[in-house]
Amino acid sequence: MLIRVQNNLLFVLTLLAVFGGLILGVIVQQCVRPYSTDMVVVLLKFPGELLLRMLKCVILPLVVASVITGLGSINAKSCGKIGGVAVIYYVTTTVMASVLGLVLVSIIRPGVGSQNIKYTGQSDLSMNENTNTLDTIMDLFRGAFPDNIVQATFGKHATLLTNKTRKDGTTYIERKLEFKGGMNMIGVIVFSIVCGVIMSLHPEESAPLMKVIQAINDLTMRLIQLILWYSPVGIFFLIGGKFAGMEDFGQMIAKLGMFMATALGGVATHFFVVLPMIFFAFTRRNPIKYYYNMLPALATAFGTSSSSATMPATLQCVEEYNNIDRRISRFVIPVGATINMDGTALYEAVACLFIAQVHGISLNFGQVIVTGMTATLAAVGAAGIPSAGLVTMVMVLNAVNLPLDMISVLFTIDWFLDRFRTMTNVIGDALGCAVVQQLCTEELMEMNRERDLQEAEEGAAPLMQQKDIEMQAGSRM
């Protein structure tokens, strides 16, 4: 009872932090910031920055320990089915989101009549204009198989394309692998999956190591509990600082209002219609109640704009509030936070066709299909960090030879739309847990029977030894 009261209190505080942060940001933006320096915004965002740093600090031990303990407690046959069902769910929902975005932008046509939008070069984001689809896919596989697992925890390799000129005047493209900062989440997860599967195949030999990893997992979850109690404070200042530092919101809507309406309409349709229908079709559970139990995680997603940073709150909500088996959630959520990006796929599809419409470029049916496929692949390759989808959009634009100069304009509103995309990504992961659990019920029941039988045999062994001792003592008498 006390735990439930504490959870409800945290939920209320988180929601109050979201709305309070919005109000604070608007007040500062309208009343304080015009007469002050940007240092006001920096100081306002500082408590929120601390929250992000704390959440990112626990991502590595959380992902490694949860994936290994989750798969280590599952037999190899069941592990294969659970993983297969999860991947099929991820791919299906991401493709559906991309198609939905293409359909909406083709019907609404937000870029028609928006040719008066002024744009000046690229944004401050670090982008490689020569990125192409093939190199991005190869980088994705390189990341899945890192040559140094320790190095993968703080960096990853990406192909850098540079235009070079030979002595005879001809040009060529030089490819070079460049090491970039940031965790290689896909490589860490693949390594953890392989370790978990091997440990499930050799339970006796790996039992001591499994106890250590389980202890690390329990310790990490207790640490996360402490961080979540600070999250309302961090979210309050994070949202307040972001809205306080924005430019004229009215002018932004006037320029890109139709694009924002199309993107948000697509995200809302996927969030409130498509995903709940898939959830109900497979589980026959009430999606409203499931969504209500996920509100703390959704509030955290809105505040942090990062599905990876929201992972601790997502695990707590699906396990404690929605009764998802830990063996399912500890695999589905970490993997989903890395590769399941429904909101990102939808947004990139909408953005690419919007840019084509602004420039008066007509795409044929084949190019539209390529856009949808590339948006899906780019979403899988997008890291679970703020505005990562904007960087991968370069790949989608290059796939159909669209200009990159509009990215700087979209960057001005991406911080706002990214929060709703992150909420969609998080709820997609959470609903995926329920779908996978429902489709793998027989496997989970079989594992429970095997566990009960093993515990019964282990409990019966001391009794048999005691009887043997008593019989030997009786025979001597």
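Thr69 pairs in a side chain to side chain contact (heavy atoms under 4.5 Å, CB included) with only one of the listed residues (Gln214, Lys211, Arg327, Arg326), which is Gln214.
Looking at every heavy atom in both residues, Ala263 comes nearest to Leu417 through CB-CD1, 4.3 Å. Considering every non-hydrogen atom in both Met210 and Ile68, the closest pair reads CE-O, 4.0 Å. Ile333 approaches Met311 most closely through the heavy-atom pair CG2-CG, 3.6 Å. For the residue pair Pro312 and Leu55, the shortest heavy atom distance occurs at CG-CD2, 4.3 Å. The heavy-atom pair separating Cys433 from Ser329 by the smallest distance is SG-CA, 4.0 Å. Residues Phe331 and Ala86 approach most closely at CE2-CB, 4.2 Å, considering heavy atoms.
To the nearest 0.5 Å, atom CG of residue Leu353 and atom CG of residue Leu102 are 6.0 Å apart. Taking CG of Leu264 as the start and OH of Tyr347 as the end, the distance is 10.0 Å to the nearest 0.5 Å. Rounding to the nearest 0.5 angstrom, the gap separating the CG atom in Asp218 from the CG atom in Leu223 is 12.5 Å. Once rounded to the nearest 0.5 Å, the distance linking OG1 of Thr93 with CG of Leu346 reads 11.5 Å. Ile239 contributes atom CD1, which lies 11.5 Å from atom CG of Leu44 (distance to the nearest 0.5 angstrom). Note: Leu219 CG to Leu62 CG = 11.5 Å, rounded to the nearest 0.5 Å.
The shortest side-chain heavy-atom distance between Leu315 and Glu320 does not fall under the 4.5 Å cut-off. With a 4.5 Å cut-off on side-chain heavy atoms, Leu431 and Ile278 do not count as touching. Side-chain atoms of Leu51 and Val233, non-hydrogen and from C-beta on, never get closer than 4.5 Å to each other. No side-chain heavy atom of Lys56 sits less than 4.5 Å from a side-chain heavy atom of Ser308. Proximity of Ile427 to Met423: side-chain heavy atoms (C-beta onward) are nowhere separated by under 4.5 Å. Between Asn293 and Cys317 the shortest side-chain heavy-atom distance does not fall below 4.5 Å. Contact check for Gln151 versus His157: side-chain heavy atoms found under the 4.5 Å cut-off.
Taking the six-membered ring for Trp and the full ring otherwise, the centers of Phe420 and Phe302 sit less than 6.0 Å from each other. Between Tyr291 and Phe271, the ring center distance clears the sub-6.0 Å criterion.
When atom types are taken as modelled, the side chain of Thr153 and the backbone of Val150 share a donor-acceptor pair closer than 3.5 angstrom. Looking at Ser98, its side chain does come within 3.5 Å of a backbone N or O of Gly372 through a donor-acceptor pair. Counting only distance, with no hydrogens or angles, the side chain of Asn425 and the backbone of Asp342 share a donor-acceptor pair below 3.5 Å. The closest donor-acceptor contact from the side chain of Gln316 to the backbone of Leu228 lies at 3.5 Å or more, if one exists at all. His359 places a side-chain N or O within 3.5 Å of a backbone atom of Ile355 that can act as its donor or acceptor partner. Side-chain N or O atoms of Tyr89 include one that pairs as donor or acceptor with a backbone N or O of Gly428 at under 3.5 Å.
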Trace of the side chain to side chain contact (heavy atoms under 4.5 Å, CB included) decision for Arg330 with Glu319: CA-CA 9 Å; Arg330 296 306 169 93; Glu319 292 175 2; 2.5 Å; yes
Going through the checks in order, is the side chain to side chain contact (heavy atoms under 4.5 Å, CB included) test met by Tyr90 and Val335? CA-CA 10 Å; Tyr90 294 147; Val335 175; 3.8 Å; yes
With side chain to side chain contact (heavy atoms under 4.5 Å, CB included) as the test, would you mind laying out the steps for Tyr290 and Val318 before giving the verdict? CA-CA 9 Å; Tyr290 199 95; Val318 297; 4.1 Å; yes
Worked verdict on Met294 versus Asn322 for side chain to side chain contact (heavy atoms under 4.5 Å, CB included): CA-CA 8 Å; Met294 290 301 303; Asn322 285 318; 3.6 Å; yes
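Counting heavy-atom neighbours within 6.0 Å of Arg53 CZ, excluding the residue itself, gives a total of 12 or less. Counting heavy atoms of neighbouring residues, nucleotides and ligands inside a 6.0 Å radius, atom CZ of Phe19 does not exceed 12 of them. Taking a 6.0 Å sphere around CG of Leu226, one finds it holds more than 12 heavy atoms contributed by other residues, nucleotides or ligands. Within a 6.0 Å sphere centred on CZ of Phe179, heavy atoms belonging to other residues, nucleotides or ligands number more than 12.
In this structure, Arg142 forms no cation-pi arrangement with Phe145, as its terminal cationic atom is not both closer than 6.0 Å to the ring centre and no more than 45° off the ring axis.
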